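Let me begin by presenting the structure, written as structure tokens, before commenting on it.
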Amino acid sequence: MLKKEHSQTVNVDPQLPVTEQPVGVMPRISFERACLLAKMGITTIGDLFFYIPLRYEDKRNVRKISTLEKGEQALVFGKVIECGVQKFRRSRKFLTKAIIEDESGKLHCHWWNQRWPAESLKPEREVIIFGKVDSLHPPQMSNPEFEVKVGYDNSRLGIGRIVPIYSLTEGVPQWWIRDLISRALDRFLKDLPHGYVYESELGFPSRPRAVQMLHHPAVPGEEELARKRLAMDELLDMQMEIQRRRKNLLALAHGIKCPGNNLLIRPFLKNLDFTLTPSQTEVLREIRADLNSGVPMRRLLQGDVGSGKTVVAASVALMVMEAGYQVVLMAPTEILASQHVKTFRKWFEPLGVRVRQWTGRLKDEADSMELLEKGSAAGKTEIVIGTHALIEDTFQIEKLGLVIIDEQHKFGVDQRERLLKKGSWPHLLAMTATPIPRTLGLTLYGELDISSIKHPPEGRGTIRTFIRKRDKLPAVWEFVKKRLIEGRQTYVVYPMIDETSNPELKAVEAEFSRIAKRIAPFKAGLLHGRMKGSEKEYVMQQFAHNLVQLLVTTSVVEVGVDVPNATVMIVENAERFGLAQLHQFRGRIGRGKENSFCILIVGNSAEDSMKRLKILAESRDGFRIAEEDLKIRGPGDFLGDRQHGMPSFRFAKLLEDYALVQRARKIAIESVQEG
Ligand code: ADP
Ligand code: MG
């Protein structure tokens, strides 16, 4: 039954830009259809313009019937010779049959249980047929698409051109959305602003032209050119924003000068039980220059897991303190924050520098300590180390000269900015062990200068990675026991995807008791996200001091934890983790002189994950692993969640468009400098 569509065309609002006109300005959209369009994410003309086709069908070439080949999709133009409906009484089915002829031969078409083709396919009419050739002798197609040529313009029909195929929702036919978009382009595309104009050397079409090409490429490949142009616009938007922020920083801020008198740093380096690597020294030189430049430092320190970023951070902190300023260090977990507190106390207390902890649990304690101290002049607090709690309003600090953010990828841009606001243009040193794929580096951290520690300290043992199926567990445990007897320690990591889930917690606890029995007389400890801060710290301390030899844990040990005597890591259900995360876990071992072993346990039937995990077994190159992970899981997953300031693009593809990102950055820098 045909239903009359009630369309309520609305008037174009001259105040609005064309992309924001509601779709209702298009005639022939019923209320019902408008709802379906909204479900597809289309409410404006702009949404129609930028609705990216899923794929394209090349219907440019009209084929002679005699040249058709079996199995191919082909387009034929001919005249209807006859058409009729055949009924089957028993099954109550019917079949519409038509014969189409061109100068080379005849094509038989049929449609099961559809009458309507017969209404259009009257003899002598010219038609265009598109479909798959089912058989030859005679050539035959079942359920082909067709259009009757009745003296009107064919340009909008899905024929004689490369035709876009859109993703749909139920109740919206392909031809309808195609027609709607096509009409919207005809009517409104002329009003779309040209957008950024950049060097013609890129060979990009104008913005309106690109939108046209996106939907109706004249030759294959034009749609990709169009995508690139539109991607470039998105990337430029973002890079312009980044560069403007940066320009503001340069114009408004006056950087805190830290010339350094070496009174702290010299004894610090002398007392260290190792010497800095050339990579570390080089990075420190870059940072020293930043601290003196008169502009607030905005630097990202990249270095693979275990490359020794902490000692660099400590050195930078001392440089700033030498100038009389205080320092804040923020880490993503309590475990990591308290580990840093211990390390920094060991390093700084001999220098007379006070280290204070500020985590969710310890801040009250710190507050009361503060009160006690008010009376005494002794021991000025000079570095405060904590977690997210540092961002809260209750935390205030005088003379903030430097903010250090460890494992920066675990924080959002907002969090970073809020912490920086606690002072007046303090310097920023953000650190990350997650190697950032190049494109993400420029997009996410576009406003940061990047330093890298390229080589880890020498004299480390090797790390070998094995993938083992569950049925090999007995042998794995034999191996673990041998290492324990040799005096080494072990991590066993369980995937607890949701640390608040009781069943998952139970499973980990049950495993823990089993393992504890198995490794006796060696001692096992349990560490997971549900434990209280003090409990976590207690267990971590026991492990760090080798009072516990095996740590059963969850992803809470992902970042930062540093126990060089631990040389074995077993990851259970390794297929449930992303590669970048596994790489982080693996960074917990291989920190001492001894050789280390990472054993990934996978389900018996997990062939796919075996392939994926092999990348990890073969490579210790964090960059390669991160890029693979990004390919497999996409940027959202790679970074955890949107909170991390991950821009969402419609056209730009962060992995493929590296050259575009670079170009956009360059153009943005030039134009912001001029403007
Ligand atoms: P990450 O870069 O992953 O944060 P850490 O800063 O925790 O790495 O350093 C890993 C280990 O390497 C620590 O035990 C640290 O003391 C040690 N280390 C750092 N720099 C050197 C060096 N130059 N020589 C020897 N060991 C070093
Ligand atoms: Mg670290």
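Start at 1 with the first residue, then count along the sequence. Heavy atoms only: backbone and side chains are in, while hydrogens, waters and symmetry mates are out. Just follow the structure's listing: the first ligand is 1, and inside any ligand the first atom is 1. These numbers were taken from a predicted model, which means no experiment stands behind them.
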Can a donor-acceptor pair be found between the side chains of R464 and S596 at a distance below 3.5 Å?
no
Classify the contact between E458 and ligand 1 as side chain, backbone, both or neither, using a heavy-atom distance cut-off of under 4.0 Å.
neither
Does an N or O from P457, backbone or side chain, lie closer than 3.5 Å to an N or O of ligand 1?
no
L276 N/O to ligand 1 N/O under 3.5 Å
no
Acceptor/donor pairs from residues 306-314 side chains to any protein atom, 3.5 angstrom cut, sequence neighbours excluded:
residue : atom : partner : partner atom : Å
S307    : OG   : D304    : O            : 2.7
K309    : NZ   : G303    : O            : 2.8

Would you indicate which of Q584, R591, R460 comes nearest to atom 12 (O) of ligand 1 when only heavy atoms are counted?
R460
Whether T343 lies under 4.0 Å from ligand 1, heavy atom
no
Min heavy-atom dist G303 to ligand 1 below 4.0 Å:
no
Could you label the plane-to-plane angle of the F268 and W347 rings as parallel, tilted or perpendicular, counting under 30° as parallel and over 60° as perpendicular?
perpendicular
Rounded to the nearest 0.5 Å, what's the gap from CG on L616 to CG on L582? Could you check?
5.5 Å
Does any donor atom in the side chain of E286 or S451 lie under 3.5 Å from an acceptor atom in the other side chain?
yes
Ligand-side contact atoms (ligand 1) for residue partner T275, heavy atom cut-off under 4.0 Å:
22 (C), 23 (N), 24 (N)
Atoms of ligand 1, numbered as shown, that sit under 4.0 Å from any heavy atom of T310:
4 (O), 5 (P), 6 (O), 7 (O)
Does an N or O from W347, backbone or side chain, lie closer than 3.5 Å to an N or O of ligand 1?
no
With sequence neighbours excluded, residues passing side chain to side chain donor-acceptor pair (under 3.5 Å) with E594
none
Can you figure out which of H340, Q302, K309, E407 has its heavy atom closest to atom 1 (P) of ligand 1?
K309
Show which atoms of ligand 1 fall inside a sub-4.0 Å distance from at least one heavy-atom site of T277.
23 (N)
Taking every non-hydrogen atom, the tightest pair across L300 and Q408
CD1-CG, 4.0 Å
Cation-pi, F597 ring and R483 (6.0 angstrom, 45 degrees):
yes
